[in-house]
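This one's a predicted model, so the numbers in the text were calculated from it and none came from an experiment. Side-chain atoms are counted along with the backbone in the values below, which use heavy atoms only and exclude waters and symmetry mates.
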Amino acid sequence: MGTLLKGYKPLFSIRFSSFPNLLRSVQLRTHSFNNPKRRNPIRRCFSSLSSSSQPLINGTTLDKMDGNRQPGSPSSELWLHNTMSKKKELFRPKVEGKVGMYVCGVTAYDLSHIGHARVYVTFDVLYRYLKHLGYEVCYVRNFTDVDDKIIARAKELAEDPISLSRRYCDEFIQDMVHLQCLPPSVEPRVSDHMPHIIDMIKQIVDNGYAYRVEGDVFFSVENFPEYGQLSGRKLEDNRAGERVAVDSRKRNPADFALWKASFMRNNSAKEGEPFWESPWGPGRPGWHIECSAMSAAYLGYSFDIHGGGMDLVFPHHENEIAQSCAACKQSNVSYWIHNGFVTVDSEKMSKSLGNFFTIREVMDLYHPLALRLFLMGTHYRSPINYSDVLLESASERIFYIYQTLHDCENVLSQHDKGLQESIPPETLNVINKFHNDFSTSMSDDLHTPVVLAALSDPLKTINDLLHTRKGKKQAMRLESVAALEKIIRNVLSVLGLMPTSYSEALQQLREMALKRAKLTEDKILQKIEERSEARKNKDYEKSDAIRKDLAV
């Protein structure tokens, strides 16, 4: 925290910047328990897999998802680790210049935790980098708003489950705004896609991969020989499921629910549960089918990237593959990408273990972009241990970055005219090395820690040019500062680490450092005055003690 307090200035009341460029209107649709006929204006393309017949979304083809511009050829190769093949592979999209990406979203029944933040920061970095390379990306990230956990929480709070979930969807969106995660192209919700889900289940049943038991429908894993191809698990090793108890009515304990009846065996309704009419009676979908149906609705059965946390490899993504292939034999996802866990004392952070910290709790003490930097400081596939020490370090680091760039901004604003276009060879070498480190590391499976480390040289060069006697005498000093600032700013933009204002971000970082230290502005000013008085009286022992207190 010493770095943050070193540049202390009197504080004033301030709130997080709202990142207006990321805010967008969110459509909240009304829910009807007994209106299965209501459909979204989505024209599905379940059987047409060719690039010339893409799914339509609200009447707009994927060709026009991001405007009318024609993307250029990708500027660099990209290697990604594919969970399916267990190795890094050269990324080649199915349609040149375009990428379809689906990432499993949150089950919205509570505030999201740091484990969720890691997932969506990871895929935001991938999304940003794909766009940086020149790809036109259709990024789909869903909300699960119909689920056992949502129903249980709604019963606790005596609230309608869809309303409860809608509220937490909105909270999640705000968390993502603060973390500067770009909004996906589409954010579908389960409750709005019931017709698509029911259609897919019907297709799976018709193809002989599912069976009905009373009002429930189960997927038969024994009828799908490739089951286990993603996780590498053998059928006899599989658990019955992650979210439900063993059901003796199943033909195989590993069979999983596609549709859950909303009525009990005595035909009485399950209290507080939303339901939709279906060919198997009133009910709601199982957990896994939703993502198969919604990814197919927006991207077709064959698309480029499917992602999520490592905990989704089995059973969720394994079951998605089985469902999608059972509905359409040509179903294929080219790259399965998964991020590592956030751990606390070497245990996975999760709500079920009760060892989690919500994004809001962490952002109450640390700047959102310090949290983002912390999450990017470890390679996305490696586990990252939650630690106040590491978050403190991330805060110090991002303060140093923004302070350096803020100093650049101040100096350059005074000399905005008359700068030459050329720069000295030594500055050009620093820039070229940084650019090469960035491109090489990001194209090697998004190695963000190497990029963050590579910032050190250009930042040090700027500080030397601005603050050292030798640097101030260097020829074309301001030209060098401007060129270095530009490339750092561009890289930070790709990483999602550019604040709306350096000065505002620095002020927020100082304010939060004081809050963590349980200090106030008045106390800091008093300590500074006491230290000045001690130095004036040549009481260096007291002066050093105060300095150490301020640096803690």
Side-chain angles (χ1 to χ4, degrees), residues 31-40 42 44 46-47 107 142 144-152 161-162 165 188-224 227 240-297 301 315-316 318-329 331:
H31 167 66
S32 172
F33 284 175
N34 56 5
N35 185 14
K37 300 293 185 182
R38 178 174 55 83
R39 292 177 179 264
N40 271 358
I42 300 173
R44 304 185 308 282
F46 280 177
S47 58
T107 300
N142 75 295
T144 296
D145 62 349
V146 179
D147 184 80
D148 293 339
K149 292 183 179 181
I150 297 170
I151 293 168
I162 300 297
S165 184
R189 304 187 186 198
V190 174
S191 61
D192 292 327
H193 293 77
M194 215 54 65
H196 311 97
I197 293 170
I198 291 171
D199 286 349
M200 179 171 277
I201 295 173
K202 286 166 62 178
Q203 191 64 46
I204 294 170
V205 172
D206 291 345
N207 289 345
Y209 290 94
Y211 56 94
R212 177 178 178 175
V213 179
E214 298 166 348
D216 297 324
V217 180
F218 294 102
F219 187 93
S220 176
V221 296
E222 290 183 342
N223 289 1
F224 188 71
Y227 193 77
E242 291 291 319
R243 297 196 176 192
V244 293
V246 175
D247 191 331
S248 60
R249 300 174 301 156
K250 295 179 181 179
R251 296 175 184 174
N252 185 303
D255 292 350
F256 55 90
L258 300 176
W259 188 259
K260 298 181 178 183
S262 289
F263 285 76
M264 295 181 285
R265 296 181 189 181
N266 61 4
N267 289 327
S268 60
K270 295 179 181 178
E271 185 178 355
E273 291 197 9
F275 64 87
W276 289 259
E277 293 296 336
S278 78
W280 317 283
R284 56 189 173 85
W287 173 34
H288 312 294
I289 190 66
E290 62 188 56
C291 288
S292 288
M294 287 188 286
S295 62
Y301 276 102
H316 186 52
E318 193 73 73
N319 291 352
E320 275 195 64
I321 293 170
Q323 294 164 159
S324 297
C325 291
C328 176
K329 290 182 180 180
S331 176

Among residues at least two apart in sequence or on other chains, which ones pass side chain to side chain donor-acceptor pair (under 3.5 Å) with [X]?
X	value
D206	none
Y211	D255
D145	S191

Subject >> Option passing salt bridge (Lys or Arg N to Asp or Glu O under 4.0 Å) with D247 (candidates R249, R251, K250) >> reply: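 When salt bridge (Lys or Arg N to Asp or Glu O under 4.0 Å) is applied between D247 and each of R249, R251, K250, only R249 qualifies.
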Original post:
In terms of the angle between their ring planes, are Y227 and F256 parallel, tilted or perpendicular, with boundaries placed at 30° and 60°?
Top reply: parallel
Original post:
Aromatic rings F224 and Y209: how do their planes relate, parallel, tilted or perpendicular, breaks at 30° and 60°?
Top reply: perpendicular
Original post:
If you measure from CH2 on W287 to NZ on K260, what distance do you get to the nearest 0.5 Å?
Top reply: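 Going from CH2 on W287 over to NZ on K260, the span is 10.5 Å.
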How about [X] and [Y]: do any of their side-chain heavy atoms sit closer than 4.5 Å?
X	Y	answer
V190	M294	yes
E320	Q323	yes
R284	I151	yes

Original post:
Could you go step by step and tell me if I289 and I204 meet the side chain to side chain contact (heavy atoms under 4.5 Å, CB included) rule?
Top reply: CA-CA 11 Å; I289 190 66; I204 294 170; 3.9 Å; yes
Original post:
For the side chain of S324 and the backbone of I321, is there at least one donor-acceptor N/O pair under 3.5 Å apart?
Top reply: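 Not at all, since once roles are kept as given, no pair shorter than 3.5 Å links the two residues.
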